[in-house]
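Structure first, then comments.
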Amino acid sequence: MLAFNVARTKGFIEKQGVDLEVIDFGSGSKGVQAFVGGDVDLVAATFEHAIRLRSKGINVKSVASMSKAPGVVLAVTKAFAPNYKSVRDLVGKNVGVSAPGSATHSFLNLFLAKSGIKPDQVGVIGIGNTAGALAAIRTGSEIQAIVNYDPVITMLEQSGDVTAAIDLRDAAATREALGTDFTFLNLLAHDTYINKNPKAVQAVVSGLVEALRWIPTATPEEVRAAVPEQFWKENPGLYLESIKKNLTGLSPDGRITQAEAEGVYKVLLTEDPQIDPKKVDFAATFDNSFAEKANAK
């Protein structure tokens, strides 16, 4: 969400002539539920949801990519770290994810599958993305590992509460680990909304692309200053460190490639019995026209 927050705070979206009402649902899966139900017009969500929804006949697509790296980290708790040598050591243990069915849950299943472990061999507990995740690790003994993002992971690393075991905060590291091109956080919209409101979609995408192009030219301190203070005022140093660890995972221009779309399916969805690749037109899961126009300015 870094690029989106920067786009809002710097006024990149507002100057395009749109006034956004932003709703924080607490987890990606809840945001997608609201999006499918028609409660919101656009949603910042992982690209896999575009594939999942289109396979169910719900015509949505990505209109911009915000990140090429998932930014997700599998970390083990301080108490469990001495007993952890590989993902196989998670069998019979409990792992905290933001919410069941969320992207963090999908990545946990990916890590397990790569080690030959079935999802039901590991306990999964929804702990949220912020205060709930911190409390679950620091006050409870029922969780041995966590799959989450920054700033939660960096905060837990700095306090010594967890140790990173698999780190996908960098685009190059993600490509090496997953063996494919990848796109992660995207801006999704229903086809009907795009067709009826192309100017509104273009305005939001243009603001996002301006943010994505501005961030690499700024210092980490300038980037932090361009994020709403509510996200970092309690611990400016922590948030700054989180920014530094995730900068190389951002999309440079908001565009998506067919290889990235297919890579997301290959990595996260090939084992999902609910998705028939024959029913998914990967070219229809994204539309680069808005990002292309924004980059032409």
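Index from 1, following the sequence. Computed from a predicted structure; not experimentally measured.
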Subject >> Trace of the side chain to side chain contact (heavy atoms under 4.5 Å, CB included) decision for Val227 with Leu2 >> reply: CA-CA 7 Å; Val227 173; Leu2 178 62; 3.6 Å; yes
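- Not one N or O on the side chain of Asn186 forms a donor-acceptor pair closer than 3.5 Å with the backbone of Ser62.
- You'll find the side chain of Leu168 reaches within 4.5 Å of the side chain of Phe107, heavy atoms only.
- Taking the side chain as every heavy atom from C-beta outward, Arg169 and Asp150 approach each other to under 4.5 Å.
- Contact of the Thr174 side chain with the Pro70 side chain is registered, since non-hydrogen atoms from C-beta on lie closer than 4.5 Å.
- In this model, no donor atom of one side chain and acceptor atom of the other lie less than 3.5 Å apart for Ser251 and Ser67.
- Between Thr248 and Asp170, the side chains place a donor N or O and an acceptor N or O closer than 3.5 Å (distance only, hydrogens not considered).
- Here Ile215 contributes atom CD1 and Thr219 contributes atom OG1; the two are 12.0 Å apart, rounded to the nearest 0.5 Å.
- Residues Lys61 and Asp191 are paired through a salt bridge, judged by an N-O separation under 4.0 Å between the basic side chain and the carboxylate.
- Hydrophobic cluster membership is shared by Val91 and Phe80, with clusters built from Ile, Leu, Val, Met, Phe, Trp and Tyr side chains linked at under 4.5 angstrom.
- Between the side chain of Asn148 and the main chain of Leu74, no donor-acceptor pair closer than 3.5 Å is present.
- In this structure, OG on Ser206 lies 9.5 Å from CD1 on Ile13, to the nearest 0.5 angstrom.
- Arg54 is listed as a side-chain neighbour of Asn59, based on a closest heavy-atom distance under 4.5 Å.
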**OP:** Give the intermediate values and the outcome of side chain to side chain contact (heavy atoms under 4.5 Å, CB included) for residues Val95 and Val124.
**Re:** CA-CA 5 Å; Val95 181; Val124 176; 5.6 Å; no
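- Minimum interatomic distance between Val204 and Val18 (heavy atoms only, all atoms of both residues): CG2-CG2, 4.3 Å.
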**OP:** Please test Val152 against Ile146 for side chain to side chain contact (heavy atoms under 4.5 Å, CB included), starting from the C-alpha separation and ending with a verdict.
**Re:** CA-CA 10 Å; Val152 168; Ile146 180 174; 4.3 Å; yes
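- Around atom CD of Glu14, no more than 12 heavy atoms belonging to other residues, nucleotides or ligands sit under 6.0 Å away.
- Nearest heavy atom pair, residue Val87 against residue Ile117, reads O-CD1, 3.5 Å.
- Here OG of Ser98 is found 8.5 Å from CD1 of Ile127. Values are rounded to the nearest 0.5 Å.
- Residues Phe12 and Phe4 form no side-chain contact, since every pair of their non-hydrogen atoms from C-beta on lies 4.5 Å or further apart.
- Note that the CG atom of Leu53 and the NZ atom of Lys56 stand 6.5 Å from one another [nearest 0.5 Å].
- Here the side chains of Thr285 and Asp281 are not in contact, with every heavy-atom distance at 4.5 Å or above.
- Surrounding CD of Glu176 are at most 12 heavy atoms belonging to other residues, nucleotides or ligands under 6.0 Å away.
- The minimum heavy-atom distance linking Leu112 with Pro119 is given by the pair CD1-CA, 4.2 Å.
- Phe35 has its ring centre no less than 6.0 Å from the ring centre of Tyr193.
- For the pair Leu178/Leu110, a side-chain contact is recorded, criterion being any heavy-atom separation below 4.5 Å from C-beta on.
- There is a side-chain donor-acceptor pair under 3.5 Å between Glu48 and Ser106.
- Between Asp161 and Arg138 there is a salt bridge, with a side-chain nitrogen of the basic residue lying less than 4.0 Å from a carboxylate oxygen of the acidic one.
- You'll find the side chain of Asn295 reaches within 4.5 Å of the side chain of Arg255, heavy atoms only.
- The nearest pair of heavy atoms linking Thr9 to Ala226 is CB-O, 2.8 Å.
- Salt bridge Asp181/Arg175: present, at least one basic N to carboxylate O contact under 4.0 Å.
- Once rounded to the nearest 0.5 Å, the distance linking CE of Met155 with CG of Asn235 reads 5.5 Å.
- If you take NZ on Lys78 and OG1 on Thr163, they are separated by 9.5 Å, rounding to the nearest 0.5 Å.
- Thr154 places no side-chain N or O within 3.5 Å of a backbone atom of Pro151 that could act as its donor or acceptor partner.
- With respect to Glu210 and Lys10, no salt bridge is recorded, no charged nitrogen being found less than 4.0 Å from a carboxylate O.
- Minimum heavy-atom separation, Phe231 to Tyr239: O-CD1, 3.5 Å.
- Ile153 and Val97 fall into different hydrophobic clusters, where Ile, Leu, Val, Met, Phe, Trp and Tyr side chains are chained together by heavy-atom contacts under 4.5 Å.
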Subject >> Verdict with supporting geometry, Leu90 and Tyr84, side chain to side chain contact (heavy atoms under 4.5 Å, CB included) >> reply: CA-CA 8 Å; Leu90 294 178; Tyr84 181 88; 4.2 Å; yes
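- The residues Lys68 and Glu260 are annotated as salt-bridged, a charged nitrogen and a carboxylate oxygen being separated by less than 4.0 angstrom.
- A salt bridge is defined here as a Lys NZ or Arg NE, NH1 or NH2 lying under 4.0 Å from an Asp or Glu carboxylate O, and Arg224 with Glu241 fails to meet this definition.
- Closest approach of Asn288 and Gly254 over heavy atoms only: OD1-O, 4.4 Å.
- In the hydrophobic clustering of this structure, Ile137 does not group with Val72; members are Ile, Leu, Val, Met, Phe, Trp, Tyr whose side-chain heavy atoms approach within less than 4.5 Å, directly or through other members.
- A ring-centre distance under 6.0 Å is found for Tyr265 and Phe282.
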